[in-house]
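Positions are given from 1, in the same order as the sequence printed here. For ligands, and for the atoms within them, numbers begin at 1 and follow the listed sequence.
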Amino acid sequence: MILLKPVYKCFSVAVSILLMSFYCTRIYSQQQLISSLPADQTRLEIRASKIDSILFLLTLKEKISMCHAQSQFSSPGIPRLGIPELWMSDGPHGIRAEINWSDWDYSDWTNDYITAFPALTCLSATFNPSLSNQYGVSIGEEARYRKKDVLLGPGVNIYRTPLNGRNFEYMGEDPYLASRMVVPYIKGVQMNGVAACVKHFALNNQELWRNHVNVQVSDRALYEIYLPAFEAAVKQGKTWSIMGAYNQFRGQHCSHHELLLNKILKTDWSFDGVVISDWGGTHSTKEAALNGLDIEMGSPINTKTSPRKAFDANFLGTNFLELVKSGEIDERILNDKVRRILRLMMRTTLDSSRPLGKINNIEHSQVARQVATEGIVLLKNKDDFFPLNPVKKLTIAVIGENAVKSMTTGGGSSELKANYEISPLEGLQKRFKNASIIFSKGYTSEDSNQNHTSLIKDALVTASLADVVLFIGGLNKNRGQDCEAADRDELKLPYNQDYLINELQKVNPNIGVLLVSGNAVSMPWISDVKAVLQTWYLGSEAGNAIADIISGDANPSGKLPFSFPVKLTDNSAHFFGELSYPGDGETQYYKEGILVGYRWHDTKNIKPLFSFGHGLSYSSFKIKDIKSDKKIYTANDSINITYTLKNTGSKDGAEVVQVYVGMSNSKVLRALKELKGFKKTYLGAGIQTSEIITIHVSDLSFYDESISNWNLEKGSYTIYVGNASDGVSEQINIKVK
Ligand code: BGC
């Protein structure tokens, strides 16, 4: 026996060398092949055989190890074969700072400062898919430079309630808009050999009780409202990974969900990528193994054992190994996971041709600034309050904590260590050199010794001395505001800002309000202020972008990606009471069904404070000559809607023309109208252009629960064309035969 051991060792080393050389030559010769055979199918087959040849080399233990974390943000490779680890990072609007191996503290590196891009509500508000692609390319480059293989984003959970603490990380209330914006983002990221990880699949529409709340929603709303952006991410964006959500849906946790993951995602949509759990979103070995989870992240570890073994305590660790060994779980289930993980590696770490990435370069700052400027929404502008002339010797009173507060820190997992962050006050000071800018905080979000009454008093004195008052407030990234792990308590502005704005306008009625938030707020003072700008979380370039808009260097063109209700119960989730939002502590029922956001406001005739798609310009636009190419269509047709857009004002600018479709004689309840197409066009002052928006007849289908499939009804449809959901210029009728 003693003699046999070294002999056996030599033998196994020889076998490994043999296998490795087989694997290397195969990879080499296959790479030669790939370049000479461009056909997609051939590529897929070659990749599959490569994956199989690696799979064949792996021990059971190695395969299991790949299915769970080895640290907070990485999962292991196969060291003996030189297969690299997978490194992941939040997401979704910048690459998060380095975090310790097995706790949540930051590692205090000095090379992890990054460009903070605007949050995704802002990106969505640009209604500009090609800008979304530039955003994706840039953030992908930053991820790549930081040696991240999986970017934990973008997020496309639908904006259902304005209280959701994480709405700022998502793309708004409309599934079509979110779909159009998410696809180019993913493509841009993945061009860098970095996987997008689209999150949180699915129905994670609130933070309160997010780890357990059991969502009950109709199939119709599921397919029409909550799944389309994920489906587009998979089918059109070809995302390489997806993150399962924390919450439950119909009694099962979404990170291991038979219907969502095995049936819909992996079977119906043919997703060939990796499902990654949300951090700590795994709850059972068997469910995780059988219901579609591929990599488990963020689960509790065994701190009593050696650090090398700590993560074996994960559900897909030792327990999984034992179940496969005993035959209780078929090894083919494990092999499918490993194949997916290897495929992800082929696309990322094992792709020797992927670019090297870049970080904090001028181009990234420019993209961040452009997204920020294009995303800012001018909600109200009485008497042409904005723009303010930067040449004039004005005294401008800037009031409000958000003029100076960092918004790249805080907010939960999306918090960033920005290379720089220009505050709104700094941006204004840089641009308005001729003005005298006087600042007063007015309110504070900190539990400090500062006396609230004296803050208000000081702000009122400051305002009274100025020609113009800019109040810069809104929400922030503190817990209970726009922040992960909790929801907001109310629609109204925090820290007594409503009172302050009211007092300010009394001492100086020449006042404009800038709201920094990723959520709707109520505005009881709306008729008493001259102008309102919705400025989101804009990242590194915040102050510059705000100054671009306020000075008129840029003409606002952002549109709201969600409705602002007048009061909370005007929002459909809240209209139906506590069981609908937030639920009874265990279960919640999405009683509004498909009538989310503007679909509800429109259909029930409940006027919002500001509607979905709304956004003003310093110019004015006219949409005319609206026509469809035919009057009668059949199922496979496209509908071409042509129109003339004219910039009728005196400033260059951009307008987003929006096409909504409705069917009044449907056999099921339908929203009055739904967004089916949009186009953003840049036009010089006085210029007009002919444009076309194409939609597919099949997009007019509804999800028919009686046949568990999409159903295209014959009959008359109304097409509404305009520049906001409540700004329809004209409607035309068509028929589907
Ligand atoms: C969040 C994810 C995030 C992950 C890692 C979770 O708490 O829900 O969005 O990617 O943490 O930070």
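Of all the atoms in ligand 1, the ones that sit under 4.0 Å from a non-hydrogen atom of Lys199 are 2 (C), 3 (C), 9 (O), 10 (O). For ligand 1, the atoms closer than 4.0 angstrom to any heavy atom of Arg96 are 12 (O). Interface atoms of ligand 1 facing Leu152, defined by a heavy-atom separation under 4.0 Å, are 10 (O). Proximity to Phe73 (heavy-atom distance under 4.0 Å) selects the following atoms of ligand 1: 5 (C), 12 (O). Near Arg210, meaning under 4.0 Å from one of its heavy atoms, ligand 1 places the atoms 7 (O), 8 (O).
Residue contact check for ligand 1: Met88 places no non-hydrogen atom closer than 4.0 Å to it. Within the 4.0 Å heavy-atom shell around ligand 1 one does not find Met297. Residue contact check for ligand 1: Glu169 places no non-hydrogen atom closer than 4.0 Å to it.
In terms of N/O distances under 3.5 Å, ligand 1 is not approached by Trp279.
By the 4.0 Å N-to-carboxylate-O rule, Arg354 lies close enough to Asp149 to be salt-bridged with it. Salt bridge Asp90/Lys199: present, at least one basic N to carboxylate O contact under 4.0 Å. We find that Arg479 and Glu484 are not joined by a salt bridge, their nearest charged nitrogen and carboxylate oxygen being 4.0 Å or further apart.
Proximity of Glu207 to ligand 1, defined as any heavy-atom pair under 4.0 Å, is not found for any part of the residue. If you look at His200 next to ligand 1, the close heavy atoms, those under 4.0 Å, all belong to the side chain.
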Would you list the atom pairs, donor with acceptor, under 3.5 Å between side chains in residues 242-250 and any protein atom, with sequence neighbours excluded?
| from | atom 1 | to | atom 2 | distance (Å) |
| --- | --- | --- | --- | --- |
| Tyr246 | OH | Asp278 | OD1 | 3.4 |
| Tyr246 | OH | Trp279 | O | 2.6 |
| Asn247 | ND2 | Ala202 | O | 3.3 |
| Asn247 | ND2 | Leu203 | O | 3.3 |
| Gln248 | NE2 | His212 | O | 3.0 |
| Arg250 | NH1 | Asp219 | OD1 | 3.1 |
| Arg250 | NH2 | Val217 | O | 2.8 |
| Arg250 | NH2 | Asp219 | OD1 | 2.8 |

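Every residue meeting the side chain to side chain contact (heavy atoms under 4.5 Å, CB included) condition with Val137, not counting sequence neighbours, appears here in chain and number order: Asn133, Glu141, Met191.
For the residues Asp90, Leu151, Asp278, the heavy atom positioned nearest atom 8 (O) of ligand 1 is part of Asp278.
Between Phe201 atom CZ and His257 atom NE2 the span is 9.5 Å, to the nearest 0.5 Å.
For the pair Lys417 and Tyr106, the cation does not sit on the ring face, since its NZ or CZ is not both under 6.0 Å from the ring centre and inside 45° of the axis.
Closest approach of Glu169 to His93, counting heavy atoms only: CG-CE1, 4.4 Å.
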